[in-house]
Every structure is written in C-alpha cells, then in structure tokens.
Protein chains: 2
Amino acid sequence: MAVRLKDVADRAGVSVSAVSNILSGYSKSRIKPETQERVRQVALEMGYRPSAVARALVRRQTDTLGVVLPPTSQAPLRDPFFSAVLEGVLQAATTRGRDTMVFTAHPTSSTQERLGKLCDGRCDGLIVLYQPSENDILTELLNLSVPFVLTSDWREDPRLFCVDVEHHESMRAMTEYLIGLGHRRLALLSSNIGYYVGPRIAGYQEALTRQGIPADPRFLISDLIPWDPSTVLRAVAALMMLPIDQRPTALLCTNDSLAAIVISALSRVGLRVPEDISVTGFNDDSSAVRQHPSLTTIAQPYETIGGCAIDLVQTQLDDPATPPQRLRLPTKLVIRESTAPAK
Amino acid sequence: MAVRLKDVADRAGVSVSAVSNILSGYSKSRIKPETQERVRQVALEMGYRPSAVARALVRRQTDTLGVVLPPTSQAPLRDPFFSAVLEGVLQAATTRGRDTMVFTAHPTSSTQERLGKLCDGRCDGLIVLYQPSENDILTELLNLSVPFVLTSDWREDPRLFCVDVEHHESMRAMTEYLIGLGHRRLALLSSNIGYYVGPRIAGYQEALTRQGIPADPRFLISDLIPWDPSTVLRAVAALMMLPIDQRPTALLCTNDSLAAIVISALSRVGLRVPEDISVTGFNDDSSAVRQHPSLTTIAQPYETIGGCAIDLVQTQLDDPATPPQRLRLPTKLVIRESTAPAK
DNA sequence: TTGTAGGCGTTATCAT
DNA sequence: ATGATAACGCCTACAA
C-alpha cells in the first residue's frame, strides 16, 4: 500500500539500513554523499513517509503528548479558560515539534476506561489541565510509569509536577491597582469552587491589610455558583442596595466569566461600568477583550505554562528519578476599559 | 519495562496467542472459560495494558483521528467558534471510542512540514476544520491516501467530502423571524472574509424579497474587518446617523463575535439592545450566552457536525472508492435577549 | 562505506 | 481448545 523503507531501498539499489540512516539524518558522514543524494531523490519521488507507528514501536517513544481535559465538564472548551490553556499547550508543543492528543471523557465513563487511553503507549507523557480529585485518575497515574504534569494546580502532594501562576500575588497586584485608582470600598466576588479561589481571596485580603483598609465582611462573597447567573444577580443587587456611601466602588471577580456576568447584572440594575463602578476579572481568556466594556484583568502566560509543562514532561522522560518540581509563573496586569478612578 | 503480552502469558502458563485472543475479546467460545478467567485475573494483577503502538502496527490502523486547525490564525482556539467546532468533534470522537490528535501550525511552517505530521500513519483520517486554500495542504492531501473531511466548508470541488450547515436557509429564517417581529428596516453586517458570507447574505436578501421589503443598499455592509473594531464602530455610527425614520431597527451580523462588537459599538453611541435596536448573531459559540444582552443567534449542531465528519472518514476507510459526499445540516434559531419587537 | 539480521509487542494464520 | 510463528515497518548493532 504505502511506500516502505524497503521499497525505497530496492529502487535506489541500496539496503534498508542505508536509507534509514540517510533519511534519519543521523549519519551525515557515514554514507557517500552521492548515494545520499540519490536516495533522497528516490524517496521524494516515491513519496516515502516513514511510518510513525513502526518508528514509535522500536524507539519506544511517540513524540506525542496527551492533554487531558477535565471530565467533570460536559464541554470544557466552551469555557474560554480551558480553550486558552489548550491553545497555549498546542502552540508550545508545535514549537517543540511534538504532536498532541487531546483527551476528553464523558462524565459517565469510568476511571479505568479513561486510563486505558491515557497510558497505552500512544503518548510519551501527559499534561493534565485541571485538578484531579483523589478518586480520579491521579492515584492510578502515580502508579503507572507515565510522566505527567498538572497545570493550573498547586497541590501539596510532593509527588506531583505542577505548573501554575501566582494567584495570590496577582490578586494582590490587582487590588493594589484599584486602591491606587482611589477605590476604598472593594468587594470580591468569587465562585464557590476552584482550587485557586483560596489564594486569590488571600491576595485580595493582603492588599487591603497592607493599605490599611478594613475588610468589610459584606464585601467578601465567595459562594457564587458560576453557571447560575441568578445567584450572581442577587449578590450584585444586594451589594448595590447599600447606601451610596457604603456601596463598593470596585468589584473584583475571580475570573473573567464571572466578571462578564457581574457586568451584565450591573447593567440590569442600571449601573454603568466603569463610570459608576469598576469591575475586574482574572485569566484574560478570549472573552475578556471581546466583551463590552473590555475587561481589566490578569493575563496568564498560557503559552509559557504549556511550554513549561511540556519541558517538565521531557525532564521526567530524560531522567525518571527527577524529583517533582512545582513552577509558579508570574502574570501580567492588563488594564482595559472596565476600570476607572474612583469618584 | 512495561508488562507485555508475553509476561502475562508466562505467568499464566499459556501462550501469547491465547492471551491475545482472550484479552481482545474476539473469541469468547474458543478458549476454556476457566482459562480465560485466570488469564484475565493475571493480566489485571500485573497491570497489563496492550501497547497501542504495536497493535496499530499490525492492524494498520490507529483508531485515531487528526483534527486540523487553521494555520492562518495565530491562536485558533481563541476564536470561540473554532473552540466550539473542536469541542463537537472531540465529543463525537469520544462517543465513538476514537482518540484525537489536534494539529496546529505556526503560520511560518511550510506545507511539507505540516503534511509530514498529518499522514505518517499516526492518524487513520483527518478532519479539517477550515477551508484550505488551493496552495495549502489540499492538493497534496488529495494525492495521498489519507481520508479526510472538511467541516464548515462547501467547495464546488467534487472530490471533497464536506460537512456544513445551511447558511442560506438559516439566515433567511433569522431574517424572517425579525420581520415577524415587525422590523422593516434590517441591516446586514458582515465581515469581509469567510466562505460562508456569500450564502448568508443571500439568505438575508431572499427573505427581504419574499416579504416584499425593498433592499436598501445602505443596509448591506459586507466589508467589515472582524479583528478591527474601529471599522465596525464607524459602520454602526454611520447607520445610526440616519434620520430616525430611515434608520434600521434590526442589525443582523454574520457571526457572534461581530455581533458582540456591534453591540459594544451601539452602546457607545448610546443605544440600548434590544430596547432601541435588535441585534442577531450566527454560530451560537460560547460568547453568545455570556454576553449581555445574551444573543439571539443561529446555533450550529457542533457535535453532529463532528459526528458526521468522523463517520464520513470511517466510510472512506471502509470503502476507499466511496464517492465524495457533501452534507448540509440544519441549524436552530435560538432566541435570547438581543431581539425585541419593532416599535 | 554498506549490508544483514534481530527485535520492538501485537495480531492472525495456521498447525497441533 | 491451544500454541508456534510469521508478519507489520522501522531502527541499530554488528558483520562484511
């Protein structure tokens, strides 16, 4: 069917190993240049393409990485955050000449079913784009010999390789930016799930403390259900019912999607952003620029995250005894239209 | 390193072929049930996992599909439309027990470089998520023996397998819906690129004709540059400068991203959606629900598109002589907040 | 400088 | 009912 090494060898009148050597580019000096040229020519003419599968079998490595999307969500890529992370990993993989398999799972599928695909030799290593719970693939993965790295995670487990951003510092920087704009009543709106909400809230609180602004407990709302806009609407409405001199002038949200809902809720109660109130997000996913007003937010270095994760997989491949590493990358404060000086 | 078939066979005291047969589940009746049970047990204990690579080599098939993202865009997944299509393909592939490789490319990479990855046997077939231009991989792909299917495409080329939606009919339905709401002055805003703009515009025009509404040339704006909001802002401002009794009461956009920019532009000139003016999108990507007001739009059946594409690949695999098929799937009009009856 | 041959882990075709 | 063995296409010692 397809052109094989042997076909090229026969046609060029040399042995398979010669062709293999030449085409692998490994042994430049070993084979006579004119032979090399001829063989290359023949290979090209015949449209020869080495079989990745056969090569993988003998090399015991596929140059392919697996990217694991969260099994919890029906449609992870509908969340612009996961799209952004995936995009970053894909870009980084392409740059490094690696292929990428993307794994999703139906919420109904068992751990074993999922694992089957993840470690049957198709991938050299895995990049897990979420925080697996204990009863998820995590423990099994640790027992297997597949190197893997978690992104967007910061577990205490010392056996794990992770790449994450500085949630605490980022939120502190954002809060300080708002304080610098003259805001003194700042509320934090957070979803009720996500490993990152803890550090982000702490960052917010630290900034307040540092600037000597007393923390108003009414301004810390951390039980929002992200996929239920009505809870957000209620919370925002409650805040805005406060007397005008007690009402927050800035709302910090723990992610961009939430910020979008918040802005929408504000407009429903007749407030304009940023004229009446400032709003900020976190992540700088694709929705941040597109929404109106465009969002002041914290940009995650998605491609760097992907690159680090891939490199950490490679590190484990090169030396399986490497002790786990935890990387924490800096972010960037991106100022757009949703924030303005306090009046 | 890893547990092989032979290891299991040795431990269980049977031959490799027996184990293979048992574990493949192919021959239930051929091997003594008690042996089967024992072998299964041993395999489980040893944590045996068949090597996908070895299996692929002998079967000449990997059960893996390649999904090709557009090479033109720096970050295709930042576009919620591509995220949605990819999501649909991934879901459909998971349902069918297939793995998925996702290919991106740096805009600088050559066609040959890209092709190398696409047809080295790693994938059984390809799903191309964009409309490749002539000098892109298309012609090469046709010469190779890799089955492939284009989504979101509707070329005249009779050699191609495509899955697409009914652009014309969808836009006509949307236009008629607005007319049904009492709108009589409807403007169409379209980006200046995309194979789909032609049919979408035609659908709009047909609806007007059918309803006996004369087409006002000022209301057909098809030269917008999607990534440059300022052109959109200008166009919207120009429309809104018209005397109030000549000004459109509804704006149809050819995709959701554009609609988002349009809504933002409207708000800048002080108009509210949908109270003052109705706006519609197309695609129902993730931005449609999240934005405020949420968007009345045309929903593409992403998972069905993915499923059909995969099935068409399989069809070609089963019978390489199958004549090319072109599928055109229906869409759904999703009514949300951005439209209201004309006053 | 080039060729030969063994093996990668599995499946499938035969024998037994 | 089971087992030996030849592919699958490639890489790589080692031999020539």
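Every chain is numbered from 1 and lettered A, B, ... according to where its sequence line falls, protein lines coming before strand lines.
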Provide, to the nearest angstrom, the distance between the [atom1] atom belonging to [X] and the [atom2] atom belonging to [N].
X       : N      : atom1 : atom2 : value
A:Arg4  : D:dG9  : CZ    : C1'   : 8 Å
B:Arg49 : C:dG9  : CZ    : P     : 17 Å
A:Leu5  : C:dT4  : CG    : P     : 14 Å
B:Leu23 : C:dA12 : CG    : P     : 14 Å
B:Asn21 : D:dG3  : CG    : P     : 11 Å

Determine the contact category for B:Val14: base if any of its heavy atoms lies under 4.0 Å from a base atom, sugar-phosphate if only primed atoms, P, OP1 or OP2 are that close, otherwise nothing.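 Sugar-phosphate contact only.
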Has [X] got a side-chain N or O lying under 4.0 Å from the OP1 or OP2 atom of [N]?
X       : N     : answer
B:Arg60 : D:dG9 : yes
B:Ser51 : C:dC8 : no
B:Ser17 : D:dG3 : no
A:Ser15 : C:dT2 : no

Salt bridge check, B:Asp10 against B:Lys6: does any charged N sit closer than 4.0 Å to a carboxylate O?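 Looking at B:Lys6 and B:Asp10, the cut-off is met.
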B:Ala54 vs B:Gly13, nearer the 5' end of DNA chain D by closest nucleotide: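 Upstream on the strand: B:Gly13.
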B:Thr62 side chain to B:Arg122 backbone, donor-acceptor under 3.5 Å: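 Yes, because the side chain of B:Thr62 sits within donor-acceptor range (under 3.5 Å) of the backbone of B:Arg122.
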Flag the pair B:Tyr48 / B:Val42 as yes when at least one side-chain heavy-atom distance between them is below 4.5 Å, and no otherwise.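 No, every pair of side-chain atoms sits at 4.5 Å or beyond.
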